[in-house]
Amino acid sequence: MTVAYSVESRLIHAGTDRTPGEPAAPPLVPASIYVSEGEPRPSRGYGRETNPGWEALEEALGGLEDAGAVAFASGQAASTALMLTLAEGRDRIVLAADGYYGARVLADKLRPRGVEPVHADLQDLAAVARELKEAPSVLWAETPTNPLLRVADLAGLAEVAAAARAPMIVDNTTATGLLQRPLAWGAVASLYSLTKAISGHSDLLGGAVVSRDPDLLAAVRAWRTFGGGIPGPFEAWLALRGLKTLPLRIARQSESALKIARHLARHPRVRAVHYPGVERSTLAIARRQMPAGFGPLLSFEVETAPLADRVVAGARLILPATSFGGVESTWERRARWAGETAPDGLIRLSVGVEPAADLITDIDRALDTLEVP
């Protein structure tokens, strides 16, 4: 009789060799070559092709969505392989107008290859459908978006993408595969920056493509091999170790982020709060797509950039830094980065695993600095 264990249990045991006498923890294998003679063993000829640590990590990542996975050196390396693979034979990449700026920059790099990046409001399904029908396209979706945390209807996007015969990928970095499963909603691939919540400890760079399409996985794996965007064995080992505690971390972070978002929504110094759990217009969609929680990332706005800088500098617990998803809480004025679409006074807050009461105290103290001219 086959027992169907939970995703959480499978994450804990991914990569474990149950042979008596073998290490209980997946080993770190810093090998650039493998013993090989005669006909080369598939994926065991040279260190750029694979590593046992990558395989264990990919087993765990694929298990989040009942799929296969390919790990990369960074989220951008994974994006590059996926974008180049899907753009072949197509004229357009339709992206979220308010999505991650790194994806928009990368899409611009494809212009010399005859692929035009087009930016659309993913909440407007009719507008997305029009753009996809203009020419053979790829739909590069992101929900919730970074840094405005806008939620798009994945079922609706998948429907318009299918009608236009456009493959849909979803950047699922913000939600992770525990809170949202894009493949179940019609995506051909989910994209992840492992740097963020999946590894969770702010100590590595990594990325991954997750898909149920074996041909797509083979194509992006070929880009990894010959393009050289391979993860280091230590980074893969760290990512797998971090992934094992993702269910515990993401539950605490989601619970705290919702408390903080609700608190900020009542604060007199805050002009707007962006978080799926408090945005009334898309709350029903967010609950349907992310039934277990809304993730660790939120953003809020104060009146001006100087005031936002003062708030960030006023924290004593929250760390001023970019990136998100780590065990430590971080924040930044997002518009300080060139090319970002965020309003000048927007602060992006990544909620860590500290007690929510401590974080609220720190946030209030920092916002209190706005009382002084």
Side-chain angles (χ1 to χ4, degrees), residues 6-15 26 51 53-79 81-82 100 102-103 142-146 149 169-183 187 189-211 217 220 224 229-254 257 290 292-297 321-330 350-353:
S6 67
V7 169
E8 290 86 349
S9 290
R10 285 185 277 136
L11 280 178
I12 294 294
H13 294 279
N51 180 280
W54 308 352
E55 294 167 3
L57 174 61
E58 290 167 353
E59 176 190 340
L61 289 169
L64 290 173
E65 297 198 62
D66 298 319
V70 181
F72 286 84
S74 67
Q76 283 297 89
S79 295
L82 190 56
Y100 175 52
E142 181 182 341
T143 180
T145 58
N146 170 24
L149 284 302
I169 79 97
V170 177
D171 185 335
N172 201 35
T173 299
T174 301
T176 79
L178 271 180
L179 300 183
Q180 180 172 264
R181 292 162 55 94
L183 301 185
S190 297
L191 173 72
Y192 295 95
S193 169
L194 305 182
T195 310
K196 311 299 193 297
I198 283 181
S199 63
H201 290 78
S202 305
D203 53 8
L204 66 94
L205 295 178
V209 173
V210 176
S211 178
L217 290 171
V220 296
R224 179 183 70 181
I230 60 173
F234 186 52
E235 285 77 10
W237 186 85
L238 284 174
L240 179 60
R241 186 177 68 165
L243 187 55
K244 292 176 184 293
T245 61
L246 176 62
L248 301 175
R249 291 184 284 105
I250 206 75
R252 171 100 172 215
Q253 290 167 308
S254 295
M290 306 169 67
F294 304 115
L297 194 66
T322 194
S323 197
F324 58 88
V327 292
E328 67 289 305
S329 294
T330 61
S350 173
V351 178
V353 299

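- Closest approach of Gly15 to Glu59, counting heavy atoms only: N-OE1, 3.4 Å.
- Of all heavy-atom pairs spanning Ser199 and Ala239, the tightest one is CB-CA, 4.2 Å.
- With hydrogens and angles ignored, the 3.5 Å screen pairs no side-chain donor or acceptor of Ser329 with any backbone N or O of Val351.
- Of the inter-residue distances, the one linking Leu178 atom CG with Leu243 atom CG reads 7.5 Å to the nearest 0.5 angstrom.
- Contact check for Met290 versus Pro144: side-chain heavy atoms found under the 4.5 Å cut-off.
- The side-chain hydrogen bond (donor to acceptor under 3.5 Å, both in side chains) pairs that include a residue from residues 200-209 are Ser202-Glu328, where partners are two or more places apart or lie in different chains.
- The CG atom of Leu248 sits 10.5 Å away from atom CD of Gln253, with the distance rounded to the nearest 0.5 Å.
- Using a 4.5 Å heavy-atom threshold, the side chains of Leu61 and Ile198 count as touching.
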Yes or no on side-chain contact (heavy atoms from CB on, under 4.5 Å) for Val220 and Phe72, after CA distance, side-chain angles and deciding distance? CA-CA 10 Å; Val220 296; Phe72 286 84; 4.2 Å; yes
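- Within the structure, side-chain hydrogen bond (donor to acceptor under 3.5 Å, both in side chains) pairs that include any residue of residues 62-78 comprise Glu65-Ser190, Glu65-Tyr192, Asp66-Arg181 (at least two apart or interchain).
- In terms of modelled atom types and a separation under 3.5 Å, the side chain of Thr173 and the main chain of Ser193 share a donor-acceptor contact.
- In this structure, Leu11 and Ala60 approach most closely via the heavy-atom pair CD2-O, 3.6 Å.
- A distance of 10.0 Å separates CG in Asp171 from OG1 in Thr143, rounded to the nearest 0.5 Å.
- No donor-acceptor pair closer than 3.5 Å links the side chain of Ser211 to the backbone N or O of Leu217.
- Across Leu240 and Pro26, no two heavy atoms sit closer than the pair CD2-CG, 3.7 Å.
- Annotation: the span from Leu82 atom CG to Leu191 atom CG amounts to 6.5 Å, rounded to 0.5 Å.
- Note that the CD1 atom of Ile250 and the OG1 atom of Thr245 stand 10.5 Å from one another [nearest 0.5 Å].
- A heavy-atom distance below 4.5 Å is found between the side chains of Val327 and Arg249.
- Annotation: side-chain contact (heavy atoms from CB on, under 4.5 Å) contacts of Ala321 (sequence neighbours excluded): Leu319, Thr330.
- Of the possible donor and acceptor atoms, one in the side chain of Arg224 sits under 3.5 Å from a partner among the backbone N and O of Ala71.
- Here the shortest heavy-atom pairing between Ser254 and Leu179 reads OG-CD1, 3.8 Å.
- Counting all heavy atoms, side chain and backbone alike, Lys196 lies closest to Ser323 at CD-OG, 3.1 Å.
- Side chain of Asn172 to main chain of Gln180: a donor-acceptor pair is present (N/O by atom type, distance under 3.5 Å, no hydrogens or angles).
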Could you walk me through whether Thr145 and Thr174 pass the side-chain contact (heavy atoms from CB on, under 4.5 Å) check? CA-CA 8 Å; Thr145 58; Thr174 301; over 6 Å; no
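- Annotation: the span from Thr195 atom OG1 to Leu204 atom CG amounts to 6.0 Å, rounded to 0.5 Å.
- Inter-residue side-chain proximity for Ile230 and Asn51 is flagged as unmet; no heavy-atom pair is nearer than 4.5 Å.
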